[in-house]
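Chain A is the first sequence line, chain B the second, and so forth, proteins listed ahead of strands; every chain is numbered from 1. Because the structure is a prediction, the values reported are computed rather than measured.
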Protein chains: 2
Amino acid sequence: MAVRQKAEQRQQTRNRILDAAEELFAQRGYEGVSVRQIMRQAGADVSLAYYHFKSKRDLFDQVMLRRVETLNDLRLQALEAVERRHPDDAPTVEEIIGAFTSPLLDLLATEHEDWTHYFQLIAQINSSPEWGGELMTRYFDPLVSRFIEALRKALPDVSEADLYWSYHFLSGALTLTFAETGRIDNLSGGICRSSDMRAISKRMPHFLAAGFRALASRD
Amino acid sequence: MAVRQKAEQRQQTRNRILDAAEELFAQRGYEGVSVRQIMRQAGADVSLAYYHFKSKRDLFDQVMLRRVETLNDLRLQALEAVERRHPDDAPTVEEIIGAFTSPLLDLLATEHEDWTHYFQLIAQINSSPEWGGELMTRYFDPLVSRFIEALRKALPDVSEADLYWSYHFLSGALTLTFAETGRIDNLSGGICRSSDMRAISKRMPHFLAAGFRALASRD
DNA sequence: GTCTATAGCTTGATAGAC
DNA sequence: GTCTATCAAGCTATAGAC
């Protein structure tokens, strides 16, 4: 019984550190945050960081890993649900893109605090020459390849290059949107809000699907 | 004569520092680079950084400012050229987006070394919650508002919210593309290359224009 | 203008008591 | 498991000689 409590508290502390690290890395990037700042926010001593994690870089990797499997699973389930609704024909591009993006919107709607910092972190990694190529590849490529395959079936005449470039444009639009930097609030004079997920889900899949189709049907 | 040489050398040193800072900030972000590393790469002593610039942050601001006016001027000229070709009707969405994006492609084609790091830096800033909202607004909003105005004329029935969200998706696709992280190279197994500007210019305006139109003509 | 030298601080990480 | 104490290194920034 005492053993179980110890294990639970250990897990709790570990998670408090991961939460603090996630939030601060998301705000200021890996290099912009010190282990001390993270542990201050977690309400624990610096040395505990090195008891629970091998190094600052290991802590960062665990922040990334903690949520990636959940996210990829939800996306895969959404895609499979779409495909089950189309036993004979191919799903539409909108439906496939919806399966890729709506899990993010759902997670923000139900567990906003937990996921918003994670998506901000992904956005920064995606745009970083130092981290982007390697980390996005490692964490997301298997899932993305599965989505590309579905898109290839929905757009039978599309070339491989057009398909990958289309996904690339999607990736940029998606990650910037979930970065929630407040830029669109300033630019639009308050007409649009970075945090308005309903406004996003009404527009993003439609916008991107039209782009995919435009490249697929060009000349 | 000696005075002029001094002034020229001063300018040269200053530019060497700015070049080094631009490259390193683009690779590892503001916090990921020290003034010492910048000056080592510039081949000059640390103290010279503080002779030419007030602080690390001032150096960063000057890196941003050095190219932003040139870039915005070229974009504005491209837009005005497009509008001059349409004295009676409105330009197409493709033409307007082309005026926004093609100056970047041209600069990379003619002065690649000088501009590639700058665009990588912009990409990271755009996706950062810490910097994105404020800096992108300060440096680019006047120009972007001018482009939004042109797009409003090209899409007379579009709602204001659709217009701003469309631009937002454009911004994400554009900045990720110029971040050149190598991700698309990995994902596509070599079919696409991050640095292939011809492939980009053939696809990006077309993809994005279709998105704008899809939102503008939705129900 | 460019150098040396250094102040004053923060960093990532560890050793050892309890 | 959690604390105190500490290390060596690196950091931004400046003062002052030439």
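The B:S34 side chain lies nearest to D:dC11 when the options are D:dA13, C:dT11, D:dC11. Closest approach to the B:Q37 side chain among D:dT4, D:dC11, C:dA13 is made by D:dC11 (side chain taken as heavy atoms from C-beta onward). Comparing D:dT2, C:dT2, C:dC3 against the side chain of B:Q9 picks out C:dT2 as the nearest. Relative to the side chain of B:T13, the nucleotides D:dC11, C:dT2, C:dG12 differ in distance, and C:dT2 lies closest.
A straight line from CG of A:D45 to P of C:dT14 spans 15 Å, rounded to a whole angstrom. Rounded to an integer number of Å, the gap from CD of B:E31 to C1' of C:dG12 is 16 Å. Between the CZ atom of A:R36 and the P atom of D:dT6 there is a distance of 14 Å, rounded to whole Å. In this structure, B:H52 places its NE2 atom 16 Å from P of D:dT14, rounding to the nearest Å. Atom CZ in A:R40 sits roughly 18 Å away from atom C1' in D:dT2 (whole-Å rounding). The interatomic distance linking A:K56 (NZ) with C:dT10 (P) rounds to 16 Å, in whole Å. Following rounding to the nearest Å, A:K54 (NZ) and C:dG12 (C1') show an atom-to-atom distance of 14 Å. One atom, OH of B:Y51, and another, P of C:dC3, lie 13 Å apart when rounded to the nearest Å.
Between the side chain of B:S171 and the backbone N or O of B:Y167 there is no donor-acceptor pair closer than 3.5 Å. Listed for the A:D196 side chain is a donor-acceptor partner under 3.5 Å among the backbone atoms of A:A199. Of the possible donor and acceptor atoms, none in the side chain of B:K56 sits under 3.5 Å from a partner among the backbone N and O of B:E31.
Toward the 5′ end of DNA chain D lies the nearest nucleotide of A:L48, the other residue of the pair A:L48 and B:S47 mapping further downstream. For the pair B:R10 and B:V46, both in contact range of DNA chain C, the more 5′-proximal nearest nucleotide belongs to B:R10.
Note: A:F25 and A:F60 have perpendicular aromatic rings, judged against thresholds of 30 and 60 degrees for the angle between ring planes.
Ionic pairing of A:R183 and B:E134 is not present here: no N-O contact between side-chain nitrogen and carboxylate oxygen is shorter than 4.0 angstrom.
Look at B:Y50 and you'll find a side-chain N or O under 4.0 angstrom from OP1 or OP2 of D:dA13.
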